[in-house]
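Index from 1, following the sequence.
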Amino acid sequence: MRYRRRLRSRLIVSFGLLGFALTATFALATLYLRERLENQLIGDFLTQEVAAFVQFKRDYPQPDAQYQLSDNKIEIYYRRPDGPNTPPTWRNLPDGVHDLVEPTARGGTRHYKLAVQRDGEFVAFMRYSYQQEALSQRQLAYALVGAVLVFSLLSLVLGLWSSRRVMKPVSELARRIGDLRDSRDRKRLAERFADDEVGQLAAAFDDYADRLSQSNRRDREFNADVSHELRTPLAVIRGAAELLLAKPELDEKTRTRLQRIDRAAQQCTDLTVALLMLSRNERGRGHTDMRKLAGQLAEANRAQLTGKPVEIRVEGLEDVYVDAPEAVLAVALGNLVGNACKYTQQGEVRIEVSAEQVRVFDTGPGLSAEDAARLFERGYRGSSAGGTSGGGIGLSIVSRLCDLYGWDVGVAPRPEGGAVATLVYGQSEG
């Protein structure tokens, strides 16, 4: 799982990295400039000093002539390059100033600079003790490392304090957005924030929320109006079908057609009730006999098989009641039974009612794992749909109804072939 980085954490880390980068760059620049300036000054001084000594020896070649040194850190030697008193590390050095380190008798090291200038058969060596400067340079490096750590810590503290101030209005905006529940009682957010970037974000959210609320209100009103207006003509259709079915002189073919009309009108009535509840996002109350409803749905779909060698059976417990309107359960279970009958070309469709769920078994072509995972998406039609009709929204409505009532629904393949659809409604009423 990808790590979720909070904006406040990014600000704190950015401040810390910025403070560390600046102080570290300053420390490195300080060490570099000091070393370069120190080497340049000491090198120039030693070069001038050894040149002056060589010139003095030229002017006063007497062995007892004493050259006056300008610094007590300087040791000067004038001898042949290959003489026995010349250290081996000095003999082949070219003219110039050299940085040398040699071990001491106590096991330590000694830093010094050596200026070399040749004068005929002789060579002048001028050694300048660099021990104190090297020690002070190390001490400066330690001090700068400490300064880098201190200023990095201060940068983190500053980043923590700044991020809290910067993110406080953003967090407040997020909290107020999270507290919004009912759009009718919603208060505008922009009024509670300053006219800055966060205020502009709050104003943009207010504008978007207004447009979204208007769109949702129009959708709810449309669904409510359609559901309400359809009830009257559907009631008229059902009433007329019932009156015609009551006539004894009807032939069997006409009676069968009228029964189909009555069932279709009943399905439309159930669907309008379910859609109205979805549009209002409210649960209806009821006392639905699941075994009886399963039998009605089996009978309704039996007439739709159009001669296919498919048997529909209802099994399970009697007196299983669910606290929900019959219209809602008829839509939810009716889609599952209807799909099983649609895709089963031969064999059986079995509806099994239990205390907490109802399962629909079929001997159809089955379905793949991808179909089982996506079958309840709006507009999705499984790979086994073939040339069957439908827009792939029936099971999407079932899924939305289950979300509204807290039920679970799913379809899975059967090992022996076909599929099983399960509607779990939880604890039922006895």
Side-chain angles (χ1 to χ4, degrees), residues 263 266-267 269-271 273-274 277-278 283-305 308 310-369 371-377 382 384 394-430:
R263 286 194 296 267
Q266 180 61 46
Q267 290 176 357
T269 302
D270 294 340
L271 184 59
V273 172
M277 291 182 179
L278 284 176
R283 299 183 184 181
R285 305 287 296 180
H287 195 68
T288 303
D289 186 340
M290 290 302 299
R291 181 61 182 265
K292 178 182 177 182
L293 177 62
Q296 293 174 353
L297 293 174
E299 184 64 29
N301 282 274
R302 190 175 287 115
Q304 307 294 329
L305 292 176
K308 291 193 298 185
V310 177
E311 180 186 2
I312 303 179
R313 295 188 291 120
V314 179
E315 300 176 350
L317 301 177
E318 301 281 352
D319 299 327
V320 175
Y321 295 92
V322 178
D323 182 17
E326 183 176 330
V328 172
L329 285 164
V331 172
L333 183 58
N335 271 279
L336 301 180
V337 176
N339 278 354
C341 294
K342 180 189 298 184
Y343 296 115
T344 302
Q345 301 303 318
Q346 61 180 2
E348 69 171 4
V349 173
R350 179 164 52 91
I351 306 172
E352 184 181 274
V353 180
S354 63
E356 296 186 353
Q357 65 183 8
V358 57
R359 294 189 293 178
V360 181
F361 300 88
D362 66 64
T363 57
L367 72 167
S368 64
D371 289 343
R374 301 186 56 194
L375 205 57
F376 291 91
E377 296 180 9
S384 60
L395 291 181
S396 173
I397 295 175
V398 174
S399 177
R400 291 167 58 194
L401 288 173
C402 290
D403 291 339
L404 179 63
Y405 281 86
W407 302 333
D408 290 326
V409 64
V411 180
R414 299 172 64 191
E416 63 271 23
V420 54
T422 305
L423 176 64
V424 182
Y425 39 74
Q427 186 65 40
S428 64
E429 300 177 0

Novice: Mind listing the closest non-hydrogen atom pair of Ile312 and Ala298 along with its distance?
Specialist: CG2-CB, 3.5 Å

Novice: Determine yes or no for a side-chain-to-main-chain donor-acceptor pair under 3.5 angstrom, with Thr363 supplying the side chain and Gln346 the backbone.
Specialist: yes

Novice: Going by side-chain hydrogen bond (donor to acceptor under 3.5 Å, both in side chains), name the pairs with one or both residues in residues 406-420, residues two or more places apart or in two chains.
Specialist: Arg414-Glu416

Novice: Once side-chain hydrogen bond (donor to acceptor under 3.5 Å, both in side chains) is applied, do any residues pair with Glu311, and if so which ones, sequence neighbours excluded?
Specialist: none

Novice: Does Asp319 come within less than 4.0 Å of Arg291, counting only side-chain N to carboxylate O?
Specialist: no

Novice: Start with the C-alpha gap between Asn335 and Ile397, add the side-chain angles, then the distance that decides, and say whether side-chain contact (heavy atoms from CB on, under 4.5 Å) holds.
Specialist: CA-CA 9 Å; Asn335 271 279; Ile397 295 175; 5.6 Å; no

Novice: Might you work through the side-chain contact (heavy atoms from CB on, under 4.5 Å) test for Val360 and Leu333, ending with a clear yes or no?
Specialist: CA-CA 9 Å; Val360 181; Leu333 183 58; 4.0 Å; yes

Novice: For Arg400, give me all partners under side-chain hydrogen bond (donor to acceptor under 3.5 Å, both in side chains), at least two apart in sequence or on another chain.
Specialist: none

Novice: Would you sort out whether Val409 and Leu336 count as a side-chain contact (heavy atoms from CB on, under 4.5 Å), showing the intermediate values?
Specialist: CA-CA 10 Å; Val409 64; Leu336 301 180; 4.2 Å; yes

Novice: Looking at residues at least two apart in the chain, or sitting in another chain, which of them share a side-chain hydrogen bond (donor to acceptor under 3.5 Å, both in side chains) with Glu352?
Specialist: Arg350, Arg359

Novice: Any non-hydrogen side-chain atom of Cys402 less than 4.5 Å from a side-chain atom of Leu423?
Specialist: yes

Novice: Check whether any side-chain N or O of Tyr425 sits under 3.5 Å from a backbone N or O of Gln357 as a donor-acceptor pair, and report yes or no.
Specialist: yes

Novice: Asn339: which residues meet the side-chain contact (heavy atoms from CB on, under 4.5 Å) condition with it, sequence neighbours left out?
Specialist: Lys342, Tyr343, Leu395

Novice: How far apart are the closest heavy atoms of Leu329 and Thr288, and which atoms are they?
Specialist: CD1-CB, 3.5 Å

Novice: Output yes when a side-chain donor or acceptor of Arg283 lies under 3.5 Å from a complementary backbone atom of Ala324, and no otherwise.
Specialist: no

Novice: Among residues at least two apart in sequence or on other chains, which ones pass side-chain hydrogen bond (donor to acceptor under 3.5 Å, both in side chains) with Asp270?
Specialist: Gln266

